[in-house]
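This one's a predicted model, so the numbers in the text were calculated from it and none came from an experiment.
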Amino acid sequence: MADRLRALFKGEALTYAYLLLYIALSSGQIFFNKWVLSSKEINFPYPLGLTLLHMVFSSVLCFFLTKVFKIMKIEEGMTVEIYVSSVMPIGAMFAMTLWLGNTAYMYISVAFAQMLKAIMPVAVFILGVAAGLEVMSCRMLLIMSVISLGVLVASYGEINISWIGVVYQMGGVVGEALRLIFMEIFVKRKGLKLNPLSLMYYVSPCSALCLLIPWIFLEKTKMEEYSSWNFPLLVLTLNSLCTFALNLSVFLVITHTSALTIRVAGVVKDWVVVLLSALLFADTKLTIINLVGYGIAIAGVAAYNNHKLKKEVSRGNPEEAESSEPTLTAASSDSNK
């Protein structure tokens with residue numbers, strides 16, 4: 001009996017440790033990105049270049065960990081046809097999400113960006129209806145209305161609003177919504193099972209290529225003019241390493257917890273980011289209207305998550321709800337992600 005209780009306690013403790021690791025890394029990476037991009041801190045105002053660095057770094061590390069050192073295993077069965085028709089569209093949308101989301105940090109506060117991300121379920125649902133994956137119902141219409149109302153109220157309470165930043169953030173939201181829709185169409189419905197590590201292994205190189213082309217035209221010249229590439233290499237390396245560690249933590253959380261647990265952890269992480277950003281960054285000024293609006297939106301998100309979980313359980317496959325979660329992140333789209 002004592003051994004059973006000890007094993008149970010150890011398992012629970014390990015689960016909570018993974019959750020805390022995920023929340024800490026996810027929140028920390030968002031703050032780290034903001035700090036690197038901020039003109040008042042590191043002053044590396046190249047969100048496209050930073051995102052490209054993340055993807056190249058992840059691609060190289062994944063290759064060495066799986067093919068050279070063989071510490072981790074990826075799921076086999078990938079073909080050229082599947083990669084071109086399924087993985088590349090997902091990689092392109094992932095690149096778009098990260099690029100636009102990181103760019104938004106240069107114009108709006110971390111807290112406000114997080115509040116705008118709460119509109120994600122609305123974008124996913126609308127695109128899902130358009131693609132024939134979702135069915136419009138009075139219940140879903142009410143939930144979407146609550147989320148939209150909350151985001152509108154939070155936006156109304158924003159003191160220093162930048163519409164350029166809002167456009168970038170909304171573009172990132174649309175990109176993430178499309179990525180999730182593509183995951184449903186190109187991966188799940190084809191019966192292709194990819195865990196987060198395998199997805200990172202296959203998607204990162206494609207996303208890097210998609211980012212390289214606009215980087216050459218939009219940022220390469222600006223970076224070359226900046227002190228002959230005299231950038232804080234140690235900081236950028238640590239930033240990329242944290243991004244990779246975050247994706248690994250997502251893999252651990254999904255492996256050791258349920259779909260409901262990871263959704264609750266995502267909501268907790270969102271509140272941690274909003275509240276801590278007010279203490280860490282001077283450009284974050286939270287108001288009562290901000291918090292009330294965000295609270296309304298999060299209540300709608302919680303109702304949406306609950307609805308999705310019940311729907312998948314009623315189908316007799318609760319794991320499906322978990323697989324619909326974003327499984328790659330660079331702290332600009334996590335979770336929400």
Side-chain angles (χ1 to χ4, degrees), residues 15 18-19 21-22 25-26 29 51-98 175-211 240-259 261-263 265-266 312 317-337:
T15 297
Y18 287 140
L19 287 172
L21 178 66
Y22 162 71
L25 284 173
S26 183
Q29 186 61 33
T51 309
L52 173 60
L53 181 62
H54 289 168
M55 292 298 98
V56 172
F57 195 88
S58 292
S59 301
V60 173
L61 269 186
C62 279
F63 177 79
F64 275 93
L65 289 176
T66 58
K67 298 299 184 182
V68 179
F69 300 113
K70 298 183 179 179
I71 299 175
M72 299 178 177
K73 298 181 71 174
I74 60 169
E75 297 174 13
E76 303 295 338
M78 181 63 65
T79 65
V80 175
E81 188 274 331
I82 293 176
Y83 192 86
V84 173
S85 64
S86 302
V87 176
M88 289 186 68
I90 294 171
M93 290 302 101
F94 189 50
M96 172 183 167
T97 299
L98 301 182
E176 178 66 1
L178 285 171
R179 183 182 77 87
L180 294 176
I181 295 297
F182 288 167
M183 285 283 293
E184 176 75 25
I185 296 174
F186 297 138
V187 177
K188 289 169 62 179
R189 296 206 165 187
K190 286 186 177 182
L192 183 64
K193 294 186 178 297
L194 293 175
N195 61 39
L197 183 63
S198 299
L199 197 61
M200 183 164 56
Y201 174 83
Y202 290 121
V203 169
S204 293
C206 176
S207 296
L209 181 61
C210 292
L211 291 165
S240 300
L241 187 60
C242 286
T243 300
F244 185 79
L246 171 58
N247 284 314
L248 286 184
S249 74
V250 173
F251 172 73
L252 291 173
V253 169
I254 290 178
T255 303
H256 292 86
T257 65
S258 66
T261 303
I262 196 171
R263 288 174 186 270
E312 297 302 338
N317 190 8
E319 288 80 9
E320 288 292 322
E322 183 175 339
S323 64
S324 66
E325 284 293 303
T327 52
L328 284 175
T329 177
S332 65
S333 62
D334 141 75
S335 84
N336 331 302
K337 312 197 180 114

Measuring from [X]:[atom1] to [Y]:[atom2], what's the distance to the nearest 0.5 Å?
{"X": "Leu246", "Y": "Leu241", "atom1": "CG", "atom2": "CG", "result": "11.5 Å"}
{"X": "Met200", "Y": "Met55", "atom1": "CE", "atom2": "CE", "result": "9.0 Å"}
{"X": "Leu21", "Y": "Ser249", "atom1": "CG", "atom2": "OG", "result": "5.0 Å"}
{"X": "Thr243", "Y": "Leu25", "atom1": "OG1", "atom2": "CG", "result": "10.0 Å"}
{"X": "Met88", "Y": "Leu209", "atom1": "CE", "atom2": "CG", "result": "6.5 Å"}

With heavy-atom distances below 4.5 Å as the criterion, would you say the side chains of [X] and [Y] are in contact?
{"X": "Phe94", "Y": "Met183", "value": "no"}
{"X": "Cys206", "Y": "Tyr83", "value": "yes"}
{"X": "Leu98", "Y": "His54", "value": "no"}

*Can you sort out the partners of Ser85 under side-chain hydrogen bond (donor to acceptor under 3.5 Å, both in side chains), two or more places apart, ordered by chain and number?*
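side-chain hydrogen bond (donor to acceptor under 3.5 Å, both in side chains) check on Ser85 returns Glu81, Lys190.
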
Contacts of [X] that satisfy side chain to side chain contact (heavy atoms under 4.5 Å, CB included) - sequence neighbours left out:
{"X": "Val68", "answer": "Phe63, Phe64"}
{"X": "Leu65", "answer": "Ile71, Met72, Phe244"}
{"X": "Met96", "answer": "Met93, Leu100"}

Can you give me the closest heavy-atom contact between [X] and [Y], atom names plus distance?
{"X": "Cys62", "Y": "Tyr201", "value": "CB-CD1, 3.9 Å"}
{"X": "Ser58", "Y": "Ser204", "value": "CB-OG, 3.7 Å"}
{"X": "Gly175", "Y": "Thr97", "value": "C-OG1, 3.0 Å"}
{"X": "Tyr202", "Y": "Ile74", "value": "OH-CD1, 3.8 Å"}

*ring-ring contact (aromatic ring centres under 6.0 Å, His included) partners for Phe57, two or more places apart*: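 Result, ring-ring contact (aromatic ring centres under 6.0 Å, His included) vs Phe57: none returned.
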
*Output all residues satisfying ring-ring contact (aromatic ring centres under 6.0 Å, His included) with Tyr18, sequence neighbours left out; order by chain, then residue number.*
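For Tyr18 the ring-ring contact (aromatic ring centres under 6.0 Å, His included) partners, ignoring immediate neighbours, are His256.
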
*asked:* Is it the case that the side chain of Ser207 and the backbone of Gly91 share a donor-acceptor pair, with hydrogens and angles ignored and the cut-off at 3.5 Å?
replied: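 Indeed, once roles are kept as given, a pair shorter than 3.5 Å links the two residues.
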
